[in-house]
There are 2 protein chains.
Amino acid sequence: MEAIATKKLIDRDEDILQASMAIKSIAHPLRLKILCVLGDQEVSVQDIVDDVGTSQSNISQHLAILRDKGVLCTRKDANRVFYRISDERTLKLVELMRDVFCTA
Amino acid sequence: MEAIATKKLIDRDEDILQASMAIKSIAHPLRLKILCVLGDQEVSVQDIVDDVGTSQSNISQHLAILRDKGVLCTRKDANRVFYRISDERTLKLVELMRDVFCTA
DNA sequence: TGATTATATTTTGATACTTTTATATCCAAA
DNA sequence: TTTGGATATAAAAGTATCAAAATATAATCA
């Protein structure tokens with residue numbers, strides 16, 4: 001019972017695991033909101049805290065998760081840290097998620 | 001400190017919650033693999049079990065999660081149930097996830 | 001009817017995740 | 001060199017998720 005004209009999605013289990021872990025880091029309301037607040041810009045932690053609206057500690061921990069998965073990267077300037085989205089295609093991903101899941 | 005030319009990603013908290021819940025249902029290795037096995041086809045539970053490789057009960061639980069979030073839909077034929085991906089754009093999403101997160 | 005195949009649901013114990021609170025570190029300005 | 005703002009880390013407590021096992025439902029067949 002083989003597929004006839006199936007597009008290749010992800011075939012290696014290793015890749016499936018890696019992708020699922022990265023997606024998991026995005027699949028939390030606060031972390032998805034962080035991505036939406038960042039957009040294509042560089043934003044300081046304090047500004048993210050103000051926009052997203054939870055404690056600084058909580059934001060910092062969620063930022064660490066996104067950073068550890070490679071979704072975000074940082075630049076330090078004096079005593080402030082600026083976060084931005086590492087790969088601009090991540091924004092396309094968020095837009096597509098919105099199109100598919102938010103237009104009910 | 002306002003953004004100047006930021007694209008609108010997801011602005012309503014309600015939409016962010018809905019999107020994050022749907023993504024969360026995909027962000028598990030077995031469930032992502034189920035999507036990859038399905039592709040654009042309709043596949044029976046038993047065939048999914050054979051392809052993905054875990055117990056029938058476990059697959060059924062994961063299918064229920066994807067079904068409840070609207071990612072999958074079903075058709076029953078006699079005593080078998082066939083699953084397919086509800087919205088074909090979900091496949092685009094998986095492809096983009098693969099491109100962004102699996103090409104390191 | 002009784003047996004068999006296919007799928008779904010419930011329960012349980014373990015593990016992982018999230019939030020909160022408290023504390024620590026880093027850096028610049030005074 | 002102390003002070004205060006900004007960020008990170010740690011520990012604790014609450015909550016959610018997971019896989020496995022057992023059980024249940026539903027359709028088919030003998």
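Numbered from 1 within each chain, the chains take letters A, B, ... in sequence-line order. Only this structure's heavy atoms are used, side chains among them; waters, hydrogens and symmetry mates stay out.
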Whole Å only: how far is the [atom1] atom of [X] from the [atom2] atom of [N]?
X      : N       : atom1 : atom2 : answer
L66(B) : dT17(D) : CG    : P     : 14 Å
L30(B) : dT17(D) : CG    : P     : 16 Å
I48(A) : dT7(D)  : CD1   : C1'   : 11 Å

Spacing of CZ belonging to R31(B) relative to CG belonging to L35(B), to within rounding of 0.5 Å: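 The distance works out to 9.5 Å.
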Report the residues that fulfil side chain to side chain contact (heavy atoms under 4.5 Å, CB included) with [X], sequence neighbours left out, ordered by chain and then residue number.
X      : result
A22(B) : F101(A)
T74(A) : R67(A), V81(A), Y83(A)
S25(A) : I65(A), L66(A), K69(A), V71(A)

Contact span of DNA chain C against chain B, any nucleotide atom under 4.0 Å from a heavy atom, 5' to 3', runs dT5(C) to dT10(C)
Close residues, residues 52-63 of chain B, relative to DNA chain D [heavy-atom separation under 4.0 Å]: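 Listed by number, they are S57(B), N58(B), Q61(B), H62(B).
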Under 4.0 Å, heavy atom to any atom of DNA chain D: which of residues 75-86 of chain A qualify? N79(A), R80(A), V81(A), Y83(A)
Summary of ring pair (Phe, Tyr, Trp, His ring centres under 6.0 Å) pairs that have at least one residue in residues 30-49 of chain B, sequence neighbours excluded: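 Every pair satisfying ring pair (Phe, Tyr, Trp, His ring centres under 6.0 Å) with a residue in residues 30-49 of chain B: there are none.
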Filter on ring pair (Phe, Tyr, Trp, His ring centres under 6.0 Å), then keep only pairs touching residues 57-78 of chain B, sequence neighbours left out; what's left?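 Residue pairs with at least one partner in residues 57-78 of chain B: H28(B)-H62(B).
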Quick one: side-chain hydrogen bond (donor to acceptor under 3.5 Å, both in side chains) partners of [X], sequence neighbours excluded?
X      : answer
Q46(B) : D50(B)
T54(B) : N58(B)
S55(A) : none
D13(B) : K33(A)

